Amino acid sequence: MVFLGLLGPSAVEPVFGPAGKLPPWFWNAHPSDLSIWVLVAVVLLLGTAAVAAGLAATRRGWSPRPRALLTFGTVATVALVCVPPMGTTDPLNYAAYGRIATLGLDPYRMTPFGLARTGDPIGQLSIAEPWLHNPSVYGPLATMTEWFASVIGGTSMLTTVWILSLLNGAAFIATGALLLRLAGPDPRRRVRSQLLWTLNPVLLWNLVVGPHIDVLGALGVVAAFWALRRSGLTAGLALAAATAVKLTLGIFALPFAWRLRHDWRRLAIAASASGLLLAVAYGVVPRAVRNAAAVSDQPVVGSPWPLLQRNLLRPVFGSAAGHLVPIVEVMAVAGIAALLLVALPPVDKDDIVQMTARPALALAAGYLLGTGYVRPWYDAIAWLLVAMLPRSWFDLVLLAHTTCMTLPFDPGLPYPLHPDWLNGVVVQTGYRAMPYLQGLLLLAVLAIGLSRLRHKLAENTTARVG
């Protein structure tokens with residue numbers, strides 16, 4: 001991954017401006033699109049194989065030192081933030097939103113294209129799809145980090161993006177450290193927490209190499225789990241902070257509230273404090289909610305939802321199919337989540353973290369598998385949750401989902417590739433091959449879930465008869 005970054009601007013690495021004495025460092029090697037596409041595919045497939053091999057090795061008794069894994073993951077993260085971001089143009093947009101804020105304008109109204117039209121140097125470099133014509137869809141806390149990076153970076157895109165990468169890298173490492181604390185003294189849980197997060201190559205690619213804002217939300221969520229054993233107030237505030245990064249993370253208030261339902265005092269304090277914080281935060285930037293809702297119905301590359309619409313909804317419902325998609329998505333999320341609540345393995349009933357993480361994973365998986373607007377880095381929260389839970393069949397499902405969502409973004413920048421046949425391969429991978437694979441994965445999850453549901457119902461019937 002570091003080698004790819006050092007090659008400089010290419011089909012995987014946007015142009016951030018000239019290199020300087022400080023990181024991120026790179027050469028202008030001008031690699032071909034084909035070589036980059038092959039290298040990225042090799043990195044992703046080897047990373048997937050490494051995660052699967054690590055899970056298999058732990059099942060056979062492999063027990064490395066958890067703190068050594070955290071150290072290796074930290075070293076890898078530090079190395080990766082010393083090269084430019086890759087695989088996405090999102091950092092360009094983050095920098096544009098931060099620049100808009102530092103100029104005293106409203107990033108929830110002005111787009112990166114609007115900033116570019118003013119002649120601003122950050123705006124000139126942020127002309128990149130898919131967010132070129134969209135105002136910010138992120139929460140106020142995310143905008144604050146973008147503003148902070150812009151204050152330091154000024155008119156330098158490279159410096160601004162590097163500050164954002166440093167913040168994301170620090171959040172990634174802090175999340176891994178908190179997961180290690182949450183794992184307690186059990187060596188197997190401690191190793192698992194690091195293999196699935198800190199030293200997970202697929203996550204390193206999507207959250208550190210591509211420094212997406214989702215890692216800041218993940219830090220807020222894991223902090224809420226860490227606080228759950230100590231203070232309902234702190235847990236509520238941490239979850240509110242995560243929701244102030246991305247609005248969709250507010251869904252995890254449901255499993256937290258359910259777990260605290262027998263302690264009305266703690267629940268009331270947590271709900272009041274978090275509700276007040278979010279009301280103030282989103283009250284200052286109410287358009288953040290509207291902007292996020294405006295893009296939530298757009299299926300993305302690699303998603304099986306366009307197949308569902310084309311092959312089922314449109315033939316059956318005709319022109320009304322488009323209006324039915326949100327309803328079908330809500331039903332799919334609820335159905336998958338309910339099925340996973342039954343199908344996921346049981347956890348220690350005396351462990352409040354695992355008892356909360358299990359339904360939270362069911363919700364997260366329901367969203368990831370049941371909606372069309374999903375990107376590979378959205379899987380971050382699900383990885384966070386499986387890292388807290390015992391091993392299960394869902395580990396490999398999540399690994400397959402993240403890989404199948406990431407491969408269509410190889411090499412990652414929204415520009416035609418050369419030669420033309422390579423561009424055709426990438427398009428066919430993203431819009432045909434991977435959607436079918438994701439559809440098969442969803443069917444596999446439903447089959448496993450229904451099988452386990454039938455088994456559980458049979459056990460219950462036998463127990464009543466006995």
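Count residues from 1 along the sequence. Just so you know, these numbers come straight off a predicted model, no measurement behind them.
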- Aromatic ring centroids of Tyr97 and Tyr108 under 6.0 Å? no
Determine whether the aromatic ring centres of residues Trp377 and Phe409 are separated by less than 6.0 angstrom. yes
A side-chain contact here means heavy atoms from C-beta on lying under 4.5 Å apart; do [X] and [Y] qualify?
X: Thr77; Y: Leu80; result: no
X: Pro414; Y: Thr89; result: yes
X: Val245; Y: Ile213; result: yes
X: Pro255; Y: Leu363; result: yes
X: Pro85; Y: Pro91; result: yes
X: Thr143; Y: Val285; result: no
X: Asp90; Y: Trp131; result: yes
X: Phe394; Y: Ile448; result: no

Heavy-atom neighbours of [X] [atom1] exceed 12 at 6.0 Å:
X: Arg188; atom1: CZ; answer: no
X: Met144; atom1: CE; answer: no
X: Phe148; atom1: CZ; answer: no
X: Arg265; atom1: CZ; answer: no
X: Trp258; atom1: CH2; answer: no
X: Arg229; atom1: CZ; answer: yes
X: Arg266; atom1: CZ; answer: yes

Once rounded to the nearest 0.5 Å, what's the spacing between atom [atom1] of [X] and atom [atom2] of [Y]?
X: Thr402; Y: Trp205; atom1: OG1; atom2: CH2; answer: 15.0 Å
X: Trp147; Y: Leu103; atom1: CH2; atom2: CG; answer: 12.5 Å
X: Leu228; Y: Thr356; atom1: CG; atom2: OG1; answer: 4.5 Å
X: Thr88; Y: Asn93; atom1: OG1; atom2: CG; answer: 8.0 Å

Q.
In terms of relative ring orientation, are Tyr138 and Tyr94 parallel, tilted or perpendicular, with 30° and 60° separating the classes?
A. perpendicular
Is the side chain of [X] donor-acceptor paired with the backbone N or O of [Y] at a distance under 3.5 Å, no angle test?
X: Gln124; Y: Ala116; answer: yes
X: Arg230; Y: Trp226; answer: yes
X: Asn206; Y: Val202; answer: yes
X: Thr58; Y: Leu55; answer: yes
X: Ser126; Y: Gly123; answer: yes
X: Asp214; Y: Leu207; answer: no

Is any side-chain N of the basic residue among [X] and [Y] closer than 4.0 Å to the acidic one's carboxylate O?
X: Asp348; Y: Arg358; answer: no
X: Asp395; Y: Arg59; answer: no
X: Arg189; Y: Asp186; answer: no

Gln354 and Met388 have their tightest heavy-atom pair at NE2-O, 3.4 Å
For Asp106 and Ile100 the tightest heavy-atom approach is C-CG2, 3.7 Å
From the list Leu219, Val222, Asp379, side chain to side chain contact (heavy atoms under 4.5 Å, CB included) with Leu384 holds only for Val222
